[in-house]
Amino acid sequence: MPLRLFHHRDFSAADTAGGAMGAAMGGLFLPLMIYLQSDLGYSPLAAGAATVPLFVLSSVCARLAGTWSDTTSPRALAALGFAPLAGIATRTPEPALVGAASGVFNTTRQLGGGLGSPATGVLLKAHIGDTPTTATRAAPAFPVVMLLIGLACCAAVRPADRGTGDRRQQDS
(Lines give C-alpha, C1' and ligand atoms only; values in the text may rest on other atoms or scores of the structure.)
Protein backbone atom coordinates (compact mmCIF):
# COMPACT_ATOMS: atom_id res chain seq x y z
CA MET A 1 0.00 0.00 0.00
CA PRO A 2 1.59 3.28 -1.05
CA LEU A 3 1.34 5.53 1.98
CA ARG A 4 1.63 8.62 -0.23
CA LEU A 5 -2.06 8.06 -1.06
CA PHE A 6 -2.83 9.65 2.30
CA HIS A 7 -1.12 12.89 1.22
CA HIS A 8 -4.25 13.54 -0.84
CA ARG A 9 -6.82 15.21 1.38
CA ASP A 10 -9.83 14.00 -0.62
CA PHE A 11 -8.57 10.41 -0.63
CA SER A 12 -7.98 10.46 3.13
CA ALA A 13 -11.39 12.01 3.80
CA ALA A 14 -13.23 9.59 1.50
CA ASP A 15 -11.33 6.59 2.86
CA THR A 16 -12.09 7.52 6.48
CA ALA A 17 -15.71 8.29 5.61
CA GLY A 18 -16.07 4.95 3.82
CA GLY A 19 -14.72 3.04 6.80
CA ALA A 20 -16.84 4.97 9.28
CA MET A 21 -20.01 4.64 7.23
CA GLY A 22 -19.31 0.95 6.69
CA ALA A 23 -19.02 0.55 10.47
CA ALA A 24 -22.25 2.48 10.94
CA MET A 25 -24.12 0.25 8.51
CA GLY A 26 -22.53 -2.91 9.90
CA GLY A 27 -23.52 -1.96 13.42
CA LEU A 28 -27.03 -0.79 12.68
CA PHE A 29 -28.93 -3.95 11.90
CA LEU A 30 -28.26 -6.11 14.97
CA PRO A 31 -29.85 -3.70 17.47
CA LEU A 32 -32.55 -2.86 14.93
CA MET A 33 -33.55 -6.53 14.65
CA ILE A 34 -33.51 -6.95 18.43
CA TYR A 35 -35.64 -3.83 18.85
CA LEU A 36 -38.16 -4.88 16.22
CA GLN A 37 -38.52 -8.36 17.69
CA SER A 38 -38.17 -7.74 21.45
CA ASP A 39 -39.80 -4.35 21.83
CA LEU A 40 -42.31 -4.26 19.00
CA GLY A 41 -43.09 -7.98 18.93
CA TYR A 42 -42.30 -8.55 15.23
CA SER A 43 -41.63 -12.09 14.08
CA PRO A 44 -38.16 -12.66 12.56
CA LEU A 45 -39.71 -12.67 9.08
CA ALA A 46 -41.63 -9.44 9.72
CA ALA A 47 -38.52 -7.77 11.19
CA GLY A 48 -36.52 -8.70 8.09
CA ALA A 49 -39.32 -7.52 5.81
CA ALA A 50 -39.43 -4.19 7.67
CA THR A 51 -35.92 -3.41 6.39
CA VAL A 52 -36.72 -4.01 2.71
CA PRO A 53 -37.66 -0.34 2.13
CA LEU A 54 -34.19 0.67 3.39
CA PHE A 55 -32.52 -1.39 0.68
CA VAL A 56 -34.91 -0.24 -2.04
CA LEU A 57 -34.36 3.39 -1.10
CA SER A 58 -30.61 2.81 -0.96
CA SER A 59 -30.64 1.40 -4.50
CA VAL A 60 -32.66 4.33 -5.83
CA CYS A 61 -30.42 6.87 -4.08
CA ALA A 62 -27.25 5.18 -5.33
CA ARG A 63 -28.47 5.32 -8.92
CA LEU A 64 -29.41 8.99 -8.62
CA ALA A 65 -26.14 9.84 -6.86
CA GLY A 66 -24.18 8.19 -9.65
CA THR A 67 -26.03 10.27 -12.21
CA TRP A 68 -25.59 13.52 -10.28
CA SER A 69 -22.01 12.96 -9.11
CA ASP A 70 -20.43 14.75 -12.08
CA THR A 71 -22.57 17.88 -11.80
CA THR A 72 -23.23 18.33 -8.08
CA SER A 73 -21.04 19.00 -5.06
CA PRO A 74 -19.40 15.75 -3.97
CA ARG A 75 -19.76 16.81 -0.32
CA ALA A 76 -23.54 16.84 -0.46
CA LEU A 77 -23.85 13.64 -2.47
CA ALA A 78 -21.40 11.72 -0.33
CA ALA A 79 -23.27 12.75 2.80
CA LEU A 80 -26.64 11.82 1.30
CA GLY A 81 -25.99 8.78 -0.84
CA PHE A 82 -22.49 7.30 -0.09
CA ALA A 83 -22.07 6.24 -3.75
CA PRO A 84 -19.65 9.01 -4.83
CA LEU A 85 -17.14 8.19 -2.09
CA ALA A 86 -15.27 5.76 -4.36
CA GLY A 87 -15.09 8.42 -7.07
CA ILE A 88 -13.86 10.99 -4.58
CA ALA A 89 -11.22 8.55 -3.30
CA THR A 90 -9.86 7.93 -6.80
CA ARG A 91 -10.08 11.38 -8.39
CA THR A 92 -7.03 13.07 -6.87
CA PRO A 93 -4.21 10.48 -6.80
CA GLU A 94 -2.03 10.42 -9.90
CA PRO A 95 -3.07 7.81 -12.50
CA ALA A 96 -0.42 5.30 -11.39
CA LEU A 97 -1.99 5.21 -7.91
CA VAL A 98 -5.68 5.00 -8.86
CA GLY A 99 -5.76 1.19 -8.65
CA ALA A 100 -4.13 1.23 -5.24
CA ALA A 101 -6.48 4.01 -4.10
CA SER A 102 -9.49 1.94 -5.16
CA GLY A 103 -8.17 -1.16 -3.38
CA VAL A 104 -7.38 0.68 -0.16
CA PHE A 105 -10.77 2.43 -0.20
CA ASN A 106 -12.70 -0.83 -0.70
CA THR A 107 -10.64 -2.63 1.94
CA THR A 108 -11.24 0.15 4.47
CA ARG A 109 -14.97 0.13 3.73
CA GLN A 110 -15.15 -3.65 4.18
CA LEU A 111 -13.11 -3.51 7.39
CA GLY A 112 -15.42 -0.82 8.73
CA GLY A 113 -18.44 -2.97 7.99
CA GLY A 114 -16.78 -6.01 9.52
CA LEU A 115 -15.90 -4.15 12.72
CA GLY A 116 -19.22 -2.33 13.08
CA SER A 117 -21.25 -5.39 13.93
CA PRO A 118 -18.92 -6.76 16.63
CA ALA A 119 -18.48 -3.30 18.17
CA THR A 120 -22.24 -2.97 18.44
CA GLY A 121 -22.38 -6.52 19.83
CA VAL A 122 -19.96 -5.50 22.58
CA LEU A 123 -22.22 -2.60 23.51
CA LEU A 124 -25.22 -4.94 23.55
CA LYS A 125 -23.36 -7.42 25.76
CA ALA A 126 -22.31 -4.65 28.14
CA HIS A 127 -25.98 -3.73 28.65
CA ILE A 128 -27.42 -7.26 28.53
CA GLY A 129 -27.95 -7.30 32.31
CA ASP A 130 -30.45 -4.53 31.77
CA THR A 131 -33.67 -5.03 29.89
CA PRO A 132 -33.48 -5.67 26.14
CA THR A 133 -35.05 -2.25 25.63
CA THR A 134 -32.21 -0.50 27.47
CA ALA A 135 -29.59 -2.54 25.60
CA THR A 136 -31.09 -1.82 22.19
CA ARG A 137 -31.27 1.87 23.01
CA ALA A 138 -27.61 2.00 24.08
CA ALA A 139 -26.16 -0.11 21.25
CA PRO A 140 -26.91 2.31 18.37
CA ALA A 141 -24.51 4.82 19.96
CA PHE A 142 -21.61 3.28 18.02
CA PRO A 143 -23.26 3.42 14.57
CA VAL A 144 -24.44 6.97 15.23
CA VAL A 145 -20.93 8.11 16.21
CA MET A 146 -19.47 6.39 13.13
CA LEU A 147 -22.06 8.05 10.90
CA LEU A 148 -21.21 11.46 12.36
CA ILE A 149 -17.50 10.82 11.73
CA GLY A 150 -18.30 9.84 8.15
CA LEU A 151 -20.37 12.98 7.62
CA ALA A 152 -17.58 15.15 9.07
CA CYS A 153 -15.13 13.56 6.62
CA CYS A 154 -17.53 14.30 3.75
CA ALA A 155 -17.43 17.94 4.78
CA ALA A 156 -13.64 17.89 4.37
CA VAL A 157 -13.88 16.96 0.68
CA ARG A 158 -12.98 19.77 -1.71
CA PRO A 159 -15.15 20.53 -4.73
CA ALA A 160 -13.83 19.12 -8.00
CA ASP A 161 -12.58 21.39 -10.74
CA ARG A 162 -15.72 22.13 -12.75
CA GLY A 163 -13.73 22.55 -15.96
CA THR A 164 -12.72 18.90 -16.23
CA GLY A 165 -14.61 17.18 -13.43
CA ASP A 166 -11.24 15.72 -12.47
CA ARG A 167 -8.47 17.11 -10.34
CA ARG A 168 -5.37 14.93 -10.35
CA GLN A 169 -2.96 17.05 -8.38
CA GLN A 170 -0.93 16.58 -5.27
CA ASP A 171 -2.73 18.01 -2.23
CA SER A 172 -0.55 19.55 0.43
Side-chain angles (χ1 to χ4, degrees), residues 1-3 5-6 8 10-66 69 74-90 99-157:
M1 172 176 68
L3 295 179
L5 282 172
F6 294 97
H8 300 278
D10 286 354
F11 173 80
S12 296
D15 190 51
T16 304
M21 290 182 178
M25 293 304 293
L28 172 70
F29 290 99
L30 180 60
L32 177 62
M33 289 297 115
I34 293 171
Y35 172 74
L36 290 174
Q37 293 175 42
S38 297
D39 292 355
L40 299 183
Y42 284 26
S43 70
L45 182 62
T51 63
V52 169
L54 296 173
F55 297 109
V56 171
L57 184 61
S58 176
S59 297
V60 170
C61 288
R63 179 150 175 95
L64 292 174
S69 65
R75 290 180 195 173
L77 283 177
L80 293 175
F82 309 163
L85 283 175
I88 291 168
T90 58
S102 176
V104 170
F105 173 78
N106 284 314
T107 300
T108 302
R109 187 178 48 81
Q110 291 292 329
L111 282 172
L115 294 174
S117 184
T120 302
V122 166
L123 289 173
L124 280 169
K125 181 67 175 164
H127 288 279
I128 208 66
D130 300 334
T131 65
T133 301
T134 307
T136 56
R137 287 184 184 154
F142 177 77
V144 168
V145 168
M146 290 294 102
L147 181 61
L148 292 174
I149 290 171
L151 292 174
C153 290
C154 290
V157 171

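Hydrogens, waters and symmetry mates are skipped; everything else that's a heavy atom, side chains included, is used. Computed from a prediction, not measured in an experiment: that's the story for all the values here.
Between atom CG of residue L148 and atom CE of residue M21 there is a gap of 9.5 Å, rounded to the nearest 0.5 Å. Taken to the nearest 0.5 Å, the CG atom of L85 stands 11.5 Å off from the OG1 atom of T108. Remark: N106 CG to L111 CG distance equals 11.0 Å, nearest 0.5 Å. Rounded to the nearest 0.5 Å, atoms CD (Q37) and CG (L32) are 9.5 Å apart. Between L30 atom CG and Y35 atom OH the span is 15.5 Å, to the nearest 0.5 Å. Rounded to the nearest 0.5 angstrom, M146 CE and F142 CZ are separated by 4.5 Å.
The two atoms that bring G150 and A17 nearest to each other are O-CB, 3.6 Å, heavy atoms only. For the residue pair L36 and A47, the shortest heavy atom distance occurs at CD1-O, 3.8 Å.
Remark: side-chain polar atoms of S43 are paired, donor with acceptor, to backbone N or O of A46 under 3.5 angstrom.
For S117, the side-chain hydrogen bond (donor to acceptor under 3.5 Å, both in side chains) test picks out no residue, with sequence neighbours left out.
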Check against side chain to side chain contact (heavy atoms under 4.5 Å, CB included), F11 and V104: CA-CA 10 Å; F11 173 80; V104 170; 3.7 Å; yes
Side chain to side chain contact (heavy atoms under 4.5 Å, CB included) between F105 and Q110, intermediate numbers included: CA-CA 9 Å; F105 173 78; Q110 291 292 329; over 6 Å; no
Stepwise ring pair (Phe, Tyr, Trp, His ring centres under 6.0 Å) check, F29 with F55: CA-CA 12 Å; F29 290 99; F55 297 109; 5.6 Å; yes
